[in-house]
Amino acid sequence: MALQTKTKLYIGFAIAASVLLLTAVAAFISIQQLSRRTGRVEHSYRVMQQLKDVELRLKDARSGVRGFLLTRDSSYLRSYEEARAGEDRDFAQAQQLVLDNPAQARRLDTLETMLNAEMRLFGELTKTTAGSTNAAIQTGLDTDRQSMRAIERLLARARASEFGLLAERSADQEMYESLTPAVILLSAAVAIVVTLWLFWRVGIEISANEQLRTELAATNASVARRIGIIEHLAEQVVQGDYKVKISDREQDSLGNLAASLNRMTQTLDDTFGALEKRNRELDQFAYVASHDLKAPLRGVSTVVKWIEDEQGHELSPKMQEYFGMMKGRLARLEDLINGLLAYARVGRTQQKLEDVNVERLVHDVADLVVPPTFELRLPDRLPTLVTDRLSLQQVFTNLLSNAVKYHHTGLGIITVGCRELEHAYEFRVQDDGPGIAPEYHEKIFLMFQTLRDRHTAESTGIGLSIVKKIIDEQRGRIWVESAAGQGAAFVFTWPKSAAA
C-alpha cells in the first residue's frame with residue numbers, strides 16, 4: 001500500500017533527525033572518551049611531577065643540613081625547615097593523586113616510612129653541636145647516604161610505573177584523537193546524504209502539490225460560484241420568494257443539493273399557499289365569531305335584562321338566582337369569544353416600533369387595572385427600549401390585572417422589577433397573594449386553564465396564554481416562581497431589539 005505524502009515526509013525527517021542524533025551522540029561519546037584519556041595522561045604527568053618535587057624537597061632539606069654541619073650557620077637551618085614543610089605538603093598531594101592506583105599507593109606508603117626516618121635523622125643531625133665528635137656526625141651522614149639511595153631507587157620505580165601508565169594512556173588518547181574526527185565526518189556524510197534525499201523528495205512532492213493546487217483552485221472557483229447561487233436562493237427564500245429555482249444539472253453533491261432545494265422551495269410555495277388560504281379562512285372565522293356569534297349573544301343578554309326590568313318584581317328568589325347565573329354564563333361566553341379573538345390576532349398584526357419608556361407604560365397600565373387599595377412598587381429606574389408598545393402593554397396589563405384579580409384580600413402589594421441581561425431585559429411582576437402550587441406552574445399558561453371556579457365570570461383561562469404567545473413572538477421566555485401561600489412572581493424576558 002502506497003504511503004501518503006505527509007507520511008513519507010515524516011519518515012524522511014525522522015530518519016534525518018535520527019542520523020543527526022546518532023551523529024551528535026557518537027561525537028559526544030568520542031569527545032568524552034578523548035577528554036577522559038587526556039585527563040588520565042595529565043594525571044600521570046602530575047604524579048610524575050609531584051614525585052619529582054618530593055625528591056627535590058628532600059634534597060633541599062639534605063643540603064640545608066649538610067651546609068649547617070659544615071659551617072654551623074643557622075641560615076641553612078631555615079632552608080632545611082622550609083624544605084621539610086614543603087616536603088610534607090608535596091608528599092600529601094602525591095598520596096592523593098595515587099589513590100586510584102593501589103600499587104603506587106603501597107609504594108608511597110613505604111616511601112612515607114622511609115621519608116619519616118630520613119627526616120628524624122636530619123633532625124638529629126641539626127641538634128649536634130660544635131663539640132660533637134666527628135665519628136657521630138660521620139655515622140649519621142653514612143646512614144643518610146644509604147637512606148637516600150633507597151629512597152631514590154623507590155622513587156625511580158614509582159616514576160617508572162607511572163611512565164608505563166603514561167605510555168598506555170597516551171596510546172589510548174592518540175587512538176581517540178584519530179577516531180573522533182572520523183566518526184564525526186562519517187556521521188555528517190550520512191546526515192548530508194539523507195538531507196539531500198529529503199530535499200529531492202520534498203521537491204517532487206511540492207511539484208505534485210502545485211499541480212494539485214491548480215486543479216483545486218479551478219474546482220473551488222466552480223464550487224464557489226455554485227454555492228453563491230445556492231446562497232442567493234436561500235436569501236430569496238428568507239425574503240419570502242418561494243418560486244426561485246436553481247438550474248444546476250451536475251451529477252455531484254452540489255447538484256443533488258440544488259435539486260433538493262428546488263423541491264424544498266416548491267414544497268414551501270405549496271405549503272405557504274395553503275397557509276395563506278387557511279389564514280383567510282381564519283380571518284373569516286374571526287369575522288363570523290365577532291359579528292354573527294356576538295350579535296345573538298347580545299340579543300339574549302338584552303332579553304334577559306328586559307325580563308328582569310319588567311317582570312323582576314314577580315320573579316321568585318329562585319328564578320332571580322337562575323337569571324343571575326344566566327347573565328354570568330352569557331358574560332363568560334362573551335369574554336371567551338373576546339379572548340379567543342385576541343389570542344388569534346397575536347402575531348398577525350403589523351408591529352409598530354417606537355421608543356417605549358417602560359416606567360411610564362407601567363404607570364399607565366396600573367392606572368387602568370390596579371385599584372387604589374393596592375400598592376405598586378417600582379425600581380428606581382426602568383429602561384427605555386424600541387419595541388411594539390401595544391404588545392408590551394398587553395403583557396403588563398394581563399400580569400398586573402391577574403395580580404389584583406386573584407389576590408385573596410382586597411388590598412396587597414405588587415412589585416415590578418427589572419434586570420439587564422446581555423441581549424434582553426428580565427422583568428418581574430410579583431405579588432403577595434395566595435401563591436401558586438408548583439404542580440400548576442406549567443398548566444396556567446395553557447388555554448382555558450384557571451385556578452378559580454370556571455363559573456367565575458372574570459376567569460376565562462386565556463389571559464396568560466395570550467401573554468405567553470406575545471412573549472414567544474418576541475423570542476422571549478416567561479415562567480412563574482411561586483409556592484402555595486407565598487405570593488407569585490411572573491418573570492419574563494423581553495429583547496432589547498425588536499424581533500423580526
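Note that the structure is a prediction, hence the values are computed from the model and not measured. Throughout, numbering of the chain's residues begins at 1 and tracks the sequence.
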Just wondering, do T415 and D432 contact through their side chains at under 4.5 Å, heavy atoms? no

Please find out if less than 6.0 Å separates the ring center of F492 from that of F396. yes

Does atom CD of E442 have more than 12 heavy-atom neighbours, drawn from other residues, nucleotides or ligands, at distances under 6.0 Å? no

Residues pairing under salt bridge (Lys or Arg N to Asp or Glu O under 4.0 Å) where one sits in residues 479-489, two or more places apart or in two chains, turn out to be R428-E481

Using the rule given for side-chain contact (heavy atoms from CB on, under 4.5 Å), can you reason through M119 versus L58, listing the C-alpha separation, both sets of side-chain angles and the distance that settles it, and then say yes or no? CA-CA 9 Å; M119 289 301 171; L58 180 62; 3.8 Å; yes

Do D388 and V356 touch side chain to side chain, with heavy atoms closer than 4.5 Å? no

Residue pair N398 / Q394, side-chain donor-acceptor N/O under 3.5 Å: no

Between E112 and N116, does the side chain to side chain donor-acceptor pair (under 3.5 Å) criterion hold? Intermediate values first, please. CA-CA 6 Å; E112 183 179 16; N116 289 335; 4.5 Å; no

Using modelled atom types and a 3.5 Å cut-off, is there a donor and acceptor pairing between side-chain atoms of T493 and backbone atoms of Y425? no

Can you give each donor-acceptor pair under 3.5 Å made by side-chain atoms of residues 358-366, sequence neighbours left out, with the distance rounded to 0.1 Å?
none

In short, salt bridge (Lys or Arg N to Asp or Glu O under 4.0 Å) pairs touching residues 414-425 with sequence neighbours left out are R419-E426, E420-K496

Heavy-atom distance under 4.5 Å between the side chains of E152 and E55, does that happen here? yes

I need the minimum non-hydrogen distance between L382 and P379, along with the two atoms involved. CD2-CG, 3.5 Å

If you measure only the distance, is there a donor-acceptor pair under 3.5 Å linking the side chains of Q146 and R149? no

Side chains of Q393 and T397 in contact at under 4.5 Å (non-hydrogen atoms): yes

Would you call E210 and R213 a salt bridge, using N to O less than 4.0 angstrom? yes

Is any side-chain heavy atom of R106 less than 4.5 Å from a side-chain heavy atom of P102? yes

Is the shortest side-chain heavy-atom distance between R46 and Q93 below 4.5 Å? no

In Å and rounded to the nearest 0.5 Å, what is the CD to CD1 distance from E375 to I413? 5.0 Å

